[in-house]
There are 2 protein chains.
Amino acid sequence: MNKRVTIKDVAREAGVSIATISYVVNKKEGVREETAEKVSAAIKKLNYIPDLSARSLVSNRSNLIGVVIPQTEEDKELMLKNPFYSEFLSAVEYNLRKNNFQLIISGTNIDKGYLDMVVERNMDGIIVVGMYPDEFFEDLKKANIPTVLVDSYCKDHYFHSVQINDRYGAYIATKYLIENGHENIGIVTGKIKTGGVASERYLGYKDALKEFDIPIIEKNVFEGNVDFEFGIQVAKQISKNKELTVVFAIADILALGLIKGLKSVGINIPEDISVIGFDDIYISKIFDLGLTTVKQDIYKKGQKAAEIVMKSIFEKSKTKQEIVLPVEIVIRETVKKRIK
Amino acid sequence: MNKRVTIKDVAREAGVSIATISYVVNKKEGVREETAEKVSAAIKKLNYIPDLSARSLVSNRSNLIGVVIPQTEEDKELMLKNPFYSEFLSAVEYNLRKNNFQLIISGTNIDKGYLDMVVERNMDGIIVVGMYPDEFFEDLKKANIPTVLVDSYCKDHYFHSVQINDRYGAYIATKYLIENGHENIGIVTGKIKTGGVASERYLGYKDALKEFDIPIIEKNVFEGNVDFEFGIQVAKQISKNKELTVVFAIADILALGLIKGLKSVGINIPEDISVIGFDDIYISKIFDLGLTTVKQDIYKKGQKAAEIVMKSIFEKSKTKQEIVLPVEIVIRETVKKRIK
DNA sequence: TTCACATTTCTAAACGTTTAAGTTTGTTTG
DNA sequence: CAAACAAACTTAAACGTTTAGAAATGTGAA
């Protein structure tokens, strides 16, 4: 391993004390222009690169942001194959990098426990995306560092948050279906009881049905995982339910799986059954049919999360931010108008 | 901010010196069983979490692996929207996490220069995916830490590497097309001159054509970016070229864009034109047609990269590893047998 | 009991920074 | 010209670990 150039080497080269080097490096005032130049020259000449471990040790600043991403149930791999999360991550990384922060991605399921990692690494902030058990959030509170929750539906409104109005989005989606003549509306969703995004969207679905006095039929509700596989899997059941004229999949990835599965059993979209999704993930463009869906701005979600966490680090002001980003329906090709 | 529990606190609690605590924490021998238990009890009681910054400072070990991912040309966002990279990243993260390493993802385009970041953070290892300018690799050499290149086609075989035989993969793909009666074979590819994955796959394409004495026609080569948009874009040109019976897209993401574009101008796949891809990305399942493609094991690529970098960190043995993973053709629905 | 030696524990320096407090130097003012 | 003050710079402690090497303790043989 190469010998490291330290602040001492620079001090010797520039003929000043190490404190002065530190002041110059950190752009603090009280250093004469002339001295600063001498120091800068020495830094350049020796190619001095400060050691962030040392800095972190004394100043408790690491320039590291933890990003918590949901994990698959089976093997606890991060859900990075799910386009929603990779799009989100990309946005977060991009906006954090601009301000010289790096991110450490991870699930909550590490042997130590997440809080330990935060403390170990002196993380400056945390961005959490998705739902987790209450104890997890309790732990985060203890860490007492700037934290932004994204789509977490944490009962405790202690943290900053950015999210969308999932319930409303699902409501307008369902309403749109009803207004297009559909009455037998299925829903494919994740676990409803958990009180997260899936539950909220389910509630929005019910809101719309109630508003139009359409009964909520239990066998029209298909509950499982929010992933492509479940979409495919559920298609078989749906194909048996002849009354259904449309299905609301609470996430695009589900909708895509569903359509794939439906087609494979000879059902045409939207002629035989209509499908509407939620999220407007980038990758759904791949699909041959334009997916009608509720659009949310995933990039902006990541950007906001990054901005808030950084702001919260720099400013002492503890004004909590709870941002709700807008949603809108995007009409493409997978929902057919139905004439009664 | 909370007061940190340090090794001193534990030492006081357990009634031993801080050195002993350190030995216990790091599982070094020479500590009596009895003492170790006393220490463990104290650690648990106080909830002691070692400070990795401090550890890194003295031991030069950070448990941090840098992962370099290509960036988009325009705005330098990481290419995480490209499913190949997110799949790869997921695999790397999963395998690194098992051994208690965290990763810091980044592009090469950070104001400091990548090497600076490596030094700043005392990174233990680096995984690079994709092609970069020679100077970048020269820089990495200077860093002198375990490094694994993935799909980098670095002329200098100084580093560990994991890749596939891209040329051969493209060769068997093209050969498969020829054997199915195709003679006018288009290719949609990235920049050919750069000498990376795109070039290699282009070479494999030429290899097969040569073997069967089929002339290489310049206007059958469509060069652009390796992304979904270019696939769509190029469809128009391809649709004008009436002789083409099949197109080899050197990446699935291109193939998917291409098919989408082709369909939008009324061309049916595979009836009018066949398409073959490369990579077998997970997300292509979404597509309604099964994409015939050259399969590589992206998960294993990430796994191997992670394993090699960790092995290289732990063992002093400097035996260089250059791993080439197998490829195989996966026949699905997008290539039609052509009867002459 | 004493000595030699092995085992366990401790002391203290080192890692590379930041920063409060102190010192020096320079400038202004009565 | 000295006093007062501001500006620029330095000293030294602190951050929380690891790890040689020293010290203490324990064990067994003569």
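Note: hydrogens, waters and symmetry copies are ignored here, and every other heavy atom, side chains too, is used. Here is how names work: the chains are called A, B, and so on, in the same order as the sequence lines, proteins then strands, and each is numbered from 1.
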Worksheet item: Under 4.0 Å: is that the gap between some side-chain N or O of Thr6(A) and OP1 or OP2 of dC15(C)?
Response: no
Practice prompt. Assign Ile49(A) to base, sugar-phosphate, or nothing according to its heavy-atom contacts below 4.0 angstrom with the strands shown.
Written response: sugar-phosphate
Item to complete: Write down the distance between CG (Asp51(B)) and C1' (dG16(C)), rounded to a whole number of angstrom.
Response: 14 Å
Worksheet entry | Between dC15(D) (P) and Glu120(A) (CD): distance, integer Å | 20 Å
Practice prompt. Rounded to the nearest angstrom, tell me the gap between atom CD1 in Ile18(A) and atom P in dT19(C).
Written response: 13 Å
Fill in: N or O in side chain of Ser17(B) less than 4.0 angstrom from dC10(C) OP1/OP2
yes
Worksheet, complete the sentence: Arg61(A) CZ to dG16(C) C1', in whole Å, measures 18 Å
Practice prompt. Figure out the CG/P separation between Asn26(A) and dT17(C), and round it to whole Å.
Written response: 11 Å
Practice prompt. Please report, rounded to the nearest Å, how far the C1' atom of dT19(C) is from the NZ atom of Lys27(A).
Written response: 18 Å
Worksheet item: Side-chain donor-acceptor pair under 3.5 Å between Arg4(A) and Asn122(B), yes or no?
Response: yes
Worksheet item: Within 45 degrees of the axis of the six-membered ring of Tyr94(B) and under 6.0 Å from its centre: does Lys76(A) put its NZ or CZ there?
Response: no
Worksheet item: Just how far, in rounded Å, is C1' of dT19(D) from NZ of Lys28(B)?
Response: 7 Å
Discussion item. Taking 4.0 Å as the cut-off, does a side-chain nitrogen or oxygen of Arg32(A) come that near to OP1 or OP2 on dA8(D)?
Written reply: no
Worksheet item: Take atom CD in Glu74(B); do more than 12 heavy atoms of anything else shown fall under 6.0 Å from it?
Response: yes
Worksheet item: OP1 or OP2 of dC9(D) less than 4.0 angstrom from a side-chain nitrogen or oxygen of Thr35(A), does that happen here?
Response: yes
Worksheet item: Between Asn60(A) and dC15(D), does any side-chain N or O lie under 4.0 Å from OP1 or OP2?
Response: no
Worksheet entry | Which residue lies more 5' along DNA chain D, comparing Val58(B) with Gly15(A) via nearest heavy atoms | Gly15(A)
Fill in: base_contact_polar (dA7(D) base, Tyr23(A) side chain, donor-acceptor, <3.5 Å)
no
Discussion item. Taking atom NZ as the centre, does Lys98(B) end up with more than 12 heavy-atom neighbours from other residues, nucleotides or ligands that are less than 6.0 angstrom away?
Written reply: yes
Fill in: N or O in side chain of Arg4(B) less than 4.0 angstrom from dC15(D) OP1/OP2
no
Discussion item. Taking only side-chain N and O atoms of Ser22(B), does any of them lie within less than 4.0 angstrom of OP1 or OP2 on dT18(D)?
Written reply: yes
Worksheet item: Do side-chain atoms of Ser62(A) reach the backbone of Ser56(A) as a donor and acceptor pair under 3.5 angstrom?
Response: no
Worksheet item: Which part of the nucleic acid, if any, lies within reach of Val25(B) when heavy atoms closer than 4.0 Å are counted: base, sugar-phosphate only, or nothing?
Response: nothing
Item to complete: Please check if atom NZ in Lys301(A) has more than 12 non-hydrogen atoms from other residues, nucleotides or ligands closer than 6.0 Å.
Response: yes
Discussion item. When you measure from the side-chain N and O atoms of Ser56(B) to the phosphate of dT17(D), is any distance below 4.0 Å, counting only OP1 and OP2?
Written reply: no
Worksheet item: Reckon Lys8(B) touches a base, only the sugar-phosphate, or nothing at all at heavy-atom distances under 4.0 Å?
Response: nothing
Worksheet entry | Rounded distance in Å - CD1 (Ile43(A)) to P (dT17(C)) | 10 Å
Worksheet item: Closest to the Ser59(B) side chain: dT9(C), dT17(C), dT18(D)?
Response: dT18(D)
Response to the item:
Closest to the 5' end of DNA chain C, once Leu57(B) and Ala19(B) are matched to their nearest nucleotides, is Ala19(B)
